[in-house]
There are 2 protein chains.
Amino acid sequence: MTDQNSTLRARRRAQTRRTIQTHAVRLFSERGYDATTMNDVAEAAGVSPMTVYRHFATKEDLVLVDQHGELVAERIVASPAGGPLVRRIGGALIEAATVLTGDADRRLLLARLQLMISTPALRARHLDNQYALQQAVIGALGDDAADPDTAFQAQAAASACLAALHTALVRWAEDDGRTDLPHLIGKALAAVFGDDAIGPAR
Amino acid sequence: MTDQNSTLRARRRAQTRRTIQTHAVRLFSERGYDATTMNDVAEAAGVSPMTVYRHFATKEDLVLVDQHGELVAERIVASPAGGPLVRRIGGALIEAATVLTGDADRRLLLARLQLMISTPALRARHLDNQYALQQAVIGALGDDAADPDTAFQAQAAASACLAALHTALVRWAEDDGRTDLPHLIGKALAAVFGDDAIGPAR
DNA sequence: CCGGTCATGATAGTCACTACCAACTTGGTA
DNA sequence: TACCAAGTTGGTAGTGACTATCATGACCGG
């Protein structure tokens, strides 16, 4: 089992995975999420239904899978430990958004976001994902949140930051991605915490 | 179809509905949510599975249904229109919590909350319910949110308030309801917006 | 006592999702 | 080259949530 071997397999696997997801998002956008069955997705992608389930545990995952949480957590760890909580978290969110919206498959990201917002089941799962992201943020804050009272305040601050992020994401999706996402996030954070809490205006 | 007539029927209907929900929450807490089927619930409540579906559209609704949103919206409408957004919203949340935790079926409320937090599917739906509550809050704010920029800021502020609320609810459930919920909400809001943003300390 | 309305029940079906098992492809090895 | 081993895929048969449809029974007013 050479490194190159496993790399080749992993690459092929990632390829079919992307094929399946692309077809799925396209079908969901065209016909609607509920009106599209897993069999439809499998057929469109040219694989068996079983294979779809091998790559995506649930139908929701076809739209929602992403681990951008790591991206945010990294930035938080990298930020100066002394600063105020909301500035550290908010800054990390803006930086992560800058990276992601510069990405090549920005359009896929946008399509997935729009599906999330319009489909109740997906929206619910997405909000739960943000909840998980919140836990990651808390973890990235490290020992600062040792005592329960501090932890409680960190929880509250992180969840509020993510709520602002979500507001910005919705607005961005409504605008079809025309507005600058990092700028929107900054505005949402400012609306919550005050204009001076986040940092120099962009 | 006299008023008294329909009232009688409605009362009986509400009765069976409560019976079903009580048994459902008990079974979920005892055996776990996923390990309990709708048939189990129906059998425990002494009705047919169909009847369960008549009263609760989905399995999740057996735990989640509540329309406390109206309660909050009322308080917002009643609050002085001039004040800062987060104070209006935060105050309404605290008042609503004060009413609810004084309620007779506080224990049922607590059991449902603990189920929500521990079961991923329920937690996701609950967060989506909060999203709906957020829309209600925006609506209650009235014409203040006419222009899109103001609306955006109101969205961000409301979602942050509800995020703080959620943090407080989780903490309350973890404490088995021993801590004063309105007090917790106040602390969470203070952690997000600053100690002086909410109002006189409780 | 009759007629309409509402709650309930039973049946059959769709669809997401899960084991379980068989077959094939692929890359490294004797 | 022939073979082995591991990973990937496919088929089958199930469970369980949820829906549509129709039939039945309880109740209240006339």
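Predicted model only: the values in this text are computed from it and were never measured. In what follows, chains are A, B, ... by sequence order, proteins preceding strands, each numbered from 1.
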I need the [atom1]-[atom2] distance between [X] and [N], as an integer number of Å.
{"X": "B:Arg17", "N": "C:dT8", "atom1": "CZ", "atom2": "P", "answer": "12 Å"}
{"X": "A:Leu62", "N": "C:dA16", "atom1": "CG", "atom2": "P", "answer": "10 Å"}
{"X": "A:Arg11", "N": "D:dT8", "atom1": "CZ", "atom2": "C1'", "answer": "18 Å"}
{"X": "B:Leu122", "N": "D:dA17", "atom1": "CG", "atom2": "P", "answer": "13 Å"}
{"X": "A:Arg12", "N": "C:dC24", "atom1": "CZ", "atom2": "C1'", "answer": "12 Å"}

Can you list, in residue-number order, the parts of residues 49-61 of chain B that come under 4.0 Å of DNA chain C, counting heavy atoms only?
B:Met50, B:Thr51, B:Arg54, B:His55
Who passes side chain to side chain donor-acceptor pair (under 3.5 Å) against [X], sequence neighbours left out?
{"X": "A:Thr179", "answer": "A:Asp175"}
{"X": "B:Arg123", "answer": "A:Asp128"}
{"X": "B:Glu60", "answer": "B:Arg125"}

Are any side-chain N or O atoms of B:Arg31 and backbone N or O atoms of B:Thr36, one a donor and one an acceptor, separated by less than 3.5 Å?
no
Sequence-distant partners of B:Tyr53, ring pair (Phe, Tyr, Trp, His ring centres under 6.0 Å), two or more places apart
none
Could you list the donor-acceptor pairs under 3.5 angstrom formed by side chains in residues 112-121 of chain B, with sequence neighbours left out?
residue: B:Arg112; atom: NE; partner: B:Val63; partner atom: O; Å: 2.7
residue: B:Arg112; atom: NH2; partner: B:Val63; partner atom: O; Å: 3.4
residue: B:Arg112; atom: NH2; partner: B:Val65; partner atom: O; Å: 2.9
residue: B:Gln114; atom: NE2; partner: B:Ala173; partner atom: O; Å: 3.0
residue: B:Gln114; atom: NE2; partner: B:Asp176; partner atom: OD1; Å: 2.7
residue: B:Ser118; atom: OG; partner: B:Gln114; partner atom: O; Å: 2.9
residue: B:Ser118; atom: OG; partner: B:Leu115; partner atom: O; Å: 3.3
residue: B:Thr119; atom: OG1; partner: B:Leu115; partner atom: O; Å: 3.1

Those residues at least two apart in sequence (or on a different chain) that pass side chain to side chain contact (heavy atoms under 4.5 Å, CB included) with B:Arg26 are B:His23, B:Glu30, B:Ala44
By salt bridge (Lys or Arg N to Asp or Glu O under 4.0 Å), which residues pair with B:Asp34, not counting sequence neighbours?
none
For DNA chain D, determine which residues of residues 22-46 of chain B have any heavy atom closer than 4.0 angstrom to one of its atoms, and list them numerically.
B:Thr36, B:Thr37, B:Met38
